[in-house]
Amino acid sequence: MEPIFEQFVRDLTGGFQIPFWAPMLVSLGLVLAFIALNAMFMIWLERKICGRIQRRLGPMLTGPKAWARFSMWTGGWFQTPCDSVKLLLKEDIVPAQVDRFGFMLAPVLIFMAALAVYVPLPISSTAHGQPSPIVVAVADLDIGLLYVVAITTLTILAILTAGWASNNKYSLLGGMRAGVQILSYEIPMLFALMGPMVLAGSLSLGDLVLVQHAGLFGVPFLGWFLVPSFLGAVVYLICAVAETNRPPFDMPEAEQELVAGFSTEYTAMRFAMFYLAEFSNTFVVCMIFTAVFLGGWTLPGFVPPGSLNLGFFHLPYFDLLAGMAIFFAKAYAVVLLLMWIRWTFPRLRPDHLMTFGWKFLLPLSFLNLLICTVLAAVQQIYFGGNPG
Amino acid sequence: MSPDEFLPTLKTRFPEVEFQLDPLNPRALKMSASGVPEVFAWLRDAPEAAMEFLEFSTAVDHPPDRLELVYSLYSYTHRHRLVLKVDLPRHAPTIPTLAHLWQNADWNEREIYDLFGVFFSGHPDLRRLMMPEDWEGHPLRKDYSHPNLTPRPD
Amino acid sequence: MGLMDRIPAYVDRLPGGSVVMAPVDWAINEVQASSMWYMLFGLACCAIELMATGAARYDFDRLGMIFRATPRQSDLMIVAGTLTLKMAPRVKLLHEQMAEPRYVIAMGGCTTYGGPFYHDGYSVLKGVDKIIPVDVFIAGCPPRPEALLNGCLAMQEKIRRNKLGQPRGPAIHIPPTAGRFSIPSGSPPSERDPQIPG
Amino acid sequence: MMRQFPANPDLTVEEFELNMGPQHPSTHGVLRLVLTMDGERVVRCKPVVGYLHRSIEKMAENRTYTQVIPVTDRLDYCTSMTSNYVYVMAVEDLADITAPPRAQYIRVIMSELNRIASHLLWYGTFALEVGATTPFIYGFRDREKVLDLFESTCGARLLYNYLRIGGVSRDLPEDFCERMLAFLDEWEPLIREYEALLDENPIFYNRTKKVGILSPEAALTYGVSGPNLRASGMARDVRREEPYAVYPDLEFDIPVRTEGDVFARYRVRMEELRQSARILRQCAEKLPKGPFLEPQPLRLVLPEGETYVHLESPRGDIGCHLVSKGTDKPYRCKFRTPSFCHIEVFEHLVRDCLIPDIMAICASFDVVLPETDR
């Protein structure tokens with residue numbers, strides 16, 4: 001982020017030297033705005049998709065009514081903003097029996113985890129005014145993948161805290177379920193991600209994308225790690241659904257069983273933070289999936305120009321914008337897949353969930369690691385070096 | 001078997017219990033309260049009766065002095081039904097429980113206790129079933145009155 | 001309910017405060033009316049019609065209404081079905097657990113005045129407004145889903161008439177006949193008699 | 001009860017009480033289960049009912065015989081027709097009235113349509129309890145079509161008040177049979193769709209197979225009846241045991257499964273949907289012309305006596321014990337309801353299950369609370 005941001009400001013102002021903290025502050029603001037707006041859109045989309053699958057319409061009457069006459073996809077655009085503002089305006093109840101500190105800490109904690117996880121996610125790259133293409137991320141960490149996996153685990157802490165502090169048996173059960181579930185799905189998930197790591201020889205998410213763009217065995221179409229590490233992709237996707245507590249793995253907040261699980265006692269703003277974090281995390285796993293298995297912001301055989309000159313109109317940073325468009329299109333495709341799964345499947349039982357995780361997904365991720373290692377060795381021996 | 005076929009068998013097996021046909025219900029037998037658990041145990045276990053199914057048990061209030069318990073038994077094996085009726089004194093109705101013979105007698109008896117005030121001796125858990133625990137009176141008795149009970153104008 | 005109620009007291013002290021309050025009221029009411037999350041909770045026959053209204057043909061979600069399983073997160077309690085004396089304390093408790101602003105729709109005859117169980121119903125509470133304040137009464141046994149949707153629209157209309165820091169208007173009665181609800185206007189709430197049918 | 005781990009005596013595990021209901025998203029109205037839990041495992045379960053006790057039996061004692069019919073509607077709102085039917089049948093039995101043949105057929109048509117509506121409702125809520133949201137909407141979508149048929153016949157969607165002593169309140173609309181057959185043609189293939197959504201899903205399969213197994217002996221001693229009894233391997237159906245109305249003239253099978261688990265109960269009901277459609281097609285073919293009602297005096301006076309009749313409702317064996325003292329009002333009107341017995345079984349079945357199993361088991365029994373509490 002830093003070099004591009006500096007470059008951008010310099011382009012705009014003609015050589016203004018920005019203070020060192022400005023990029024951080026700006027990226028924080030951008031990420032916050034992105035989380036809020038994106039989560040609102042996703043919730044709207046989720047309700048529309050759910051309506052489509054269930055032969056309903058979903059929200060239609062909120063927002064400009066004339067739009068709703070056009071088609072179901074143009075109705076109810078203001079639904080989630082209204083929901084959010086309403087939640088902010090609602091009375092904030094802290095029940096008398098709760099552990100006040102933990103009760104208030106948990107939503108903040110889960111939101112912090114949701115925020116911090118955005119740091120290494122690469123959404124595009126640009127060559128504009130740079131000696132070599134630069135990956136656009138808040139910070140393209142060398143251990144990006146490890147960082148992401150580590151930070152998402154913080155969610156357990158928040159949910160456990162919420163469950164414990166609520167002093168409600170349903171909350172406690174929900175919190176415990178979440179703890180067990182996230183812990184046991186963390187392991188196959190990490191092993192599933194190790195396949196691409198071995199193939200790319202790097203832990204940086206930006207590198208992972210660049211390696212995929214270069215292709216495997218010299219063939220660009222083999223490049224997306226979805227192909228060599230297909231098992232890994234499947235295992236990761238399942239684990240990702242489980243990690244974000246989405247149905248069919250929504251044991252911690254199973255409505256029919258535990259009322260609202262760990263968030264049973266939460267009202268208004270605090271509940272909104274849980275809700276926001278949940279959708280933000282869902283999008284994050286989709287973004288990771290896109291970066292690790294779907295080639296990120298790249299398309300095979302397509303390199304966008306650094307700037308677009310249409311004669312009358314000069315568009316700088318075109319490669320950055322095109323990359324972002326590709327990246328978000330891919331991420332939303334994964335989001336749609338998750339939504340489809342959510343509204344079709346019944347819920348698993350906690351013990352089946354454990355069995356499935358430990359006895360099926362874990363061996364599968366080992367197998368994937370084996371396949372990837374062999375492929376990486378073949379690449380190294382016959383094509384020289386890592387694919388990148 | 002119909003009640004008049006049951007009558008001689010039951011009379012010979014249980015000489016100390018009184019049985020008689022019921023003029024109102026052709027499928028019913030009236031009996032005295034003294035033989036309740038034994039007669040029912042026999043009806044359930046004897047191969048010629050084989051009443052494995054207790055359809056329901058309930059009570060009918062006949063003021064001023066009589067409260068009638070009704071048990072309806074059905075046999076899937078022989079496809080016959082027997083309704084047994086027991087008269088109890090209305091002021092202090094007590095009768096042995098059948099909860100050890102049929103599981104669903106448990107709740108049926110709790111309901112009768114709740115709504116009619118019949119006391120079932122030996123019942124494992126005789127509490128009110130329908131009404132709140134602190135409710136007073138037994139609503140299905142004919143002379144029941146309660147501030148919340150507005151009688152229907154005729 | 002804390003901050004929300006104190007806003008008018010602060011704003012009115014400012015010069016031209018009441019002018020500011022009108023759009024604020026409008027925005028708050030519009031937001032609340034568009035997002036009534038109802039509590040997933042049914043008592044008797046009306047609950048089946050409530051479920052049918054949530055399903056594909058009628059679709060509550062069009063109005064932005066989704067269910068929440070816990071009272072803490074719901075704005076609207078649709079009391080659907082006969083309320084017995086045994087259940088009444090629970091419903092009161094649930095209403096107390098809901099966060100302000102909270103609204104109540106009494107669906108069907110039983111919740112309005114006891115319904116068919118008014119006579120001889122020794123165990124039935126005759127009117128849910130005896131224990132919790134009700135905003136909209138819907139007649140019918142059970143009301144059709146259309147009537148329920150009509151009631152929800154009336155609820156929205158009522159929310160739109162809210163003014164911060166002022167008491168809520170009188171209850172609205174949705175008649176069993178077809179047609180859109182009408183909200184009585186003119187006389188202030190105190191002068192109007194509560195219309196309890198039956 | 002405290003449990004200690006031998007390896008670490010400081011560590012103890014304590015059971016705790018979990019109160020599920022009467023307001024809980026999945027207790028089907030106002031059932032309350034007081035559970036003693038060991039973690040997620042149920043140690044004991046005590047069902048508490050009575051939150052919907054609406055004094056229906058008391059009300060019946062103060063209304064004339066005809067006026068009781070709308071009260072019976074509220075007895076089991078998912079199948080008002082069969083609760084109407086059992087009461088009307090009891091009165092007709094005492095008064096020695098026989099409904100005209102057309103009325104008999106109409107009653108059977110209505111009972112079977114109501115069975116379809118009730119089973120579809122059950123399908124939806126059952127799927128919801130195992131965590132699948134979409135089947136719920138599908139079940140309700142098709143239930144609406146059945147309700148349209150009812151609405152065109154008697155004007156009501158849920159509580160019909162259609163049956164009368166001596167017949168039915170009005171004749172079928174003229175094109176009823178065609179519309180019903182059109183509905184059946186359209187709907188019968190959809191049963192496959194319902195099954196495709198659940199049966200073929202390994203998650204559903206794992207959650208329902210070998211869960212909540214009810215042995216036939218236990219089923220009998222608890223008084224379980226209807227589809228739940230047939231799922232435990234006993235082919236008992238009142239329509240066969242003591243045929244009423246025109247059922248002897250109709251051909252239909254009684255679906256039976258031997259496993260007695262949640263999956264078996266689900267399968268039995270799915271098969272019953274098909275059998276009901278079969279019965280309806282036969283009825284449409286055989287429906288005779290003639291009067292639909294043998295009019296009775298408004299204040300019908302019944303002779304002194306008492307009777308017990310029962311029939312097969314979608315939930316099981318529903319019965320009516322009617323006592324008359326020679327007046328125009330019932331002296332005592334007791335309803336034997338299947339759900340009353342089914343709820344008691346939970347105590348026995350839920351033991352040693354996990355929380356999600358409770359939902360699956362409770363939902364699979366298709367209990368309706370007003371019928372339990374009356």
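Residue numbering restarts at 1 for every chain, and letters A, B, ... go by the order of the sequence lines. Predicted model, so just to flag it, every value in this text is computed and none were measured.
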Distance under 6.0 Å and angle within 45° of ring axis: A:K86 vs C:W37:
yes
[atom1]-[atom2] distance between [X] and [Y], expressed to the nearest 0.5 angstrom:
X      : Y     : atom1 : atom2 : value
A:K90  : C:S74 : NZ    : OG    : 7.0 Å
A:R56  : C:R62 : CZ    : CZ    : 10.5 Å
C:Q156 : A:T62 : CD    : OG1   : 7.5 Å
A:T267 : C:Q73 : OG1   : CD    : 7.5 Å
C:E100 : A:L89 : CD    : CG    : 13.0 Å
C:Q32  : A:C82 : CD    : SG    : 10.5 Å

Give a yes or no on whether [X] atom [atom1] has more than 12 heavy-atom contacts from other residues, nucleotides or ligands under 6.0 Å away.
X      : atom1 : value
A:W77  : CH2   : no
A:M104 : CE    : yes
C:R57  : CZ    : yes
C:W26  : CH2   : no
A:W164 : CH2   : no
A:R100 : CZ    : no

Side chain / backbone / both / neither for C:M36 at chain A, heavy atoms under 4.5 Å:
neither
Which region of C:A55, side chain (C-beta onward) or backbone (N, CA, C, O), has a non-hydrogen atom less than 4.5 Å from a non-hydrogen atom of chain A, or is it both or neither?
backbone
Residue part contacting chain C, namely of A:L57, when any heavy atom lies under 4.5 Å
both
Check whether A:Q54 gets within reach of chain C through its side chain, its backbone, both or neither, counting any heavy atom under 4.5 Å.
backbone
Result of checking C:L63, C:D59, C:D61 against A:P59 for side chain to side chain contact (heavy atoms under 4.5 Å, CB included):
C:D61
Heavy-atom side-chain proximity of C:R68 to A:F271 below 4.5 angstrom
yes
